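Starting from 1, each residue takes its place in the sequence as its number. Computed from heavy atoms alone, side chains included, the values below leave out hydrogens, waters and symmetry copies. Just so it is clear, the model here is predicted, and its values are computed rather than measured.
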Amino acid sequence: MLSWYQGYGFILFISYGLFFGCFLGTLLAMKSEQLERAIYDVPWYKMSLANQKSMKFLLNSAQKPVSMTFIFYKLDVPTFLQMYKMIYSTFTMLLTVRDE
């Protein structure tokens, strides 16, 4: 019976690590969008021409999407949920095959 507790603890630990990374990826994307909006809302038309060019450059570079990735996958909460759905489907398939 003790081995089940160790398995549950391992699954909980791995799930926490995956969720934490995916949550940080989502938070990074949200903050990137907030930064882009804040730059856009600056009253650039009241600035000098040199500062307007700087703001244009800053806005252009802020519009490139920022995200955390792991190999080929973007780390965000929808990816976390997709991974868990795939793990659950594989687990139920293995249980079904084992019972037959």
Got a second to check how far Tyr73's OH is from Cys22's SG, nearest 0.5 Å? 12.0 Å
Can you name the nearest heavy-atom pair linking Ala62 to Ser32, along with the distance? O-OG, 4.4 Å
So, taking the atom named CD1 in Ile87 and the one named CD1 in Ile14, what distance separates them when rounded to the nearest 0.5 Å? 10.0 Å
Atom CG in Asp41, atom CD in Glu36: separation rounded to 0.5 Å? 10.5 Å
Roughly how far, to the nearest 0.5 Å, is the CZ atom of Phe57 from the CD1 atom of Ile39? 11.0 Å
Are Thr79 and Asp76 linked by a side-chain donor-acceptor pair shorter than 3.5 Å? yes
Output, in order, the C-alpha distance, side-chain angles, deciding distance and verdict of side-chain contact (heavy atoms from CB on, under 4.5 Å) for Leu28 and Leu24. CA-CA 6 Å; Leu28 177 65; Leu24 287 178; over 6 Å; no
If you round to the nearest 0.5 Å, how far is NZ of Lys31 from OG1 of Thr26? 13.0 Å
Nearest heavy-atom contact between Lys74 and Thr69 is CA-CG2, 4.1 Å
Cluster question for you: counting only ILVMFWY and a side-chain heavy-atom cut-off of under 4.5 Å, with indirect links fine, are Phe72 and Met68 together? yes
Do you know the tightest heavy-atom contact between Met47 and Val42? CE-CG1, 3.3 Å
Would a single hydrophobic cluster contain both Val66 and Leu58, if residues Ile, Leu, Val, Met, Phe, Trp and Tyr are joined by side-chain heavy-atom contacts under 4.5 Å? no
Heavy-atom pair of closest approach, residues Phe80 and Phe19: CE1-N, 3.6 Å
Should Phe23 and Phe13 be counted in the same cluster of Ile, Leu, Val, Met, Phe, Trp and Tyr side chains packed under 4.5 Å apart? yes
Any chance you could measure Leu81, atom CG, to Tyr88, atom OH, to the nearest 0.5 Å? 15.0 Å
Could you check whether atom CD of Gln82 has more than 12 heavy atoms from other residues, nucleotides or ligands sitting under 6.0 Å from it? no
I'd like to know if Met55 and Leu59 are part of one continuous hydrophobic network [Ile/Leu/Val/Met/Phe/Trp/Tyr, side-chain heavy atoms within less than 4.5 Å]. yes
Tyr16, Leu75: one ILVMFWY side-chain cluster at the under-4.5 Å cut-off? yes
Under a 3.5 Å distance rule, please check whether Gln52 uses its side chain to pair with a backbone N or O of Trp44 as donor and acceptor. yes
